[in-house]
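To start, I am sharing the structure in question, which I have written as structure tokens.
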Amino acid sequence: MIVADRKPIQEILAMVKADKKILILGCKGCVTVCNVGGVKESEILASTLKIARKQQGKDIDIDVRVLERQCDTEYVAQIKDIVNDYESVVSLACGVGPQFLSEMYKEKKFYPGVNTTFFGGAVQHGIWEERCGGCGTCSIHDFGGLCPIARCAKSLLHGPCGGSTKGICEVNPDTICVWDAIVTKKMAAGEIGDLMGVKGFKDWRSARDGGPRRSIREELIQGNI
Amino acid sequence: MRLSYPSNIKIIQLPCTGRIDIIHLLNAIENGADGVYVAGCLEGECHFIQGNLKARKKVEYVKKTLTELGIEPERVEMFNLSSAQGARFAQIANEMVDRIRQLGPTPVKKVHAA
């Protein structure tokens, strides 16, 4: 899933400081799963903003709405009848949400209520870790099922580097050296020979280096399936 | 026992403090409560195992939120006592009321829509 962190409340307050009627728009997708932008978090943000405004003795009117997703136009269209009732909208979806909203409702102001961070998963309740770099040419199977693109600080294809100590990356003591894990796993499986060859250059054009990407599925566009 | 405790406390009964959520505590502050406290069972004696421990975590979260907003976190508190400790209940009520009196009225003012 896409993982995000909530923005500091003072940052959100600064964004909406001039607005009196605000909509907090949550998302039932990834940000609900990572506990940052679902129903519960949207209501908590609304209440926190109200407390802050009342503390300043200022009037504020906040409503909460949570969409199934904010990354599909049919769901974004569900607020078309109410969006003009608000001066601004704080989206608690990932960075896709405020953009889909801004594209559909060009006159309105949409603020991001979260900082979108990475593609990952929860390794335990409350801790999420990055697992995918979205590079567009997945070759996890070549590395014992572990991704060196997302999980090696240098995205090395031939590792580990000299910064690996006792299975830990020099960049952060909380980060494992994924190359140490890859080599350990391959050795245990008796497949270390798979890592001995020299891999060709990775084609980074399928990653962000090739500019913004598009995924086109002709059969879906034609509506055949 | 005939113990007395301050009459300005509004008691909301729950089957377990595990039912309390962050939004309930925030709503109380938002709607003008000068302080809110949660009186849960003694730690280790929750009938539902972790209800009171979870409630404490939620209280801590709200304290952090209030601090971020520049509001005294002491306005929200968690206490643990058993249902047999009537004297302690009255003592906590007095303690909390004294604390709030020292802090003064809530900085969250009632605002009327223009």
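Per chain, numbering begins at 1; letters A, B, ... match sequence-line order.
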- [ ] Tell me, for A:Glu43 versus chain B, whether the close heavy atoms (under 4.5 Å) come from the side chain, the backbone, both or neither.
- [x]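 Contact with chain B: backbone and side chain both.
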
Open item on the list: Within the 3.5 Å criterion, strictly below it, is a donor on B:Tyr5 or B:Asn94 matched to an acceptor on the partner's side chain?
Closed with: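 No, B:Asn94 and B:Tyr5 have no side-chain donor paired with an acceptor closer than 3.5 Å.
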
- [ ] Give, for atom CD of B:Glu72 and atom OG1 of B:Thr106, the distance between the pair rounded to the nearest 0.5 Å.
- [x]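 Answer rounded to 0.5 Å: 8.0 Å.
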
Task: Cationic N near anionic O, under 4.0 Å, A:Lys21 to A:Glu87 - done: no

Open item on the list: Report which part of A:Lys40 has an atom under 4.5 Å of a heavy atom belonging to chain B: side chain, backbone, both, or neither.
Closed with: side chain

Task: Side chain / backbone / both / neither for A:Leu13 at chain B, heavy atoms under 4.5 Å - done: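 A:Leu13 touches chain B through side-chain heavy atoms alone.
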
TODO: Find the distance between CD1 (A:Ile24) and OG (A:Ser91) and round it off to the nearest 0.5 Å.
DONE: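 Reported to 0.5 Å precision, the distance equals 10.0 Å.
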
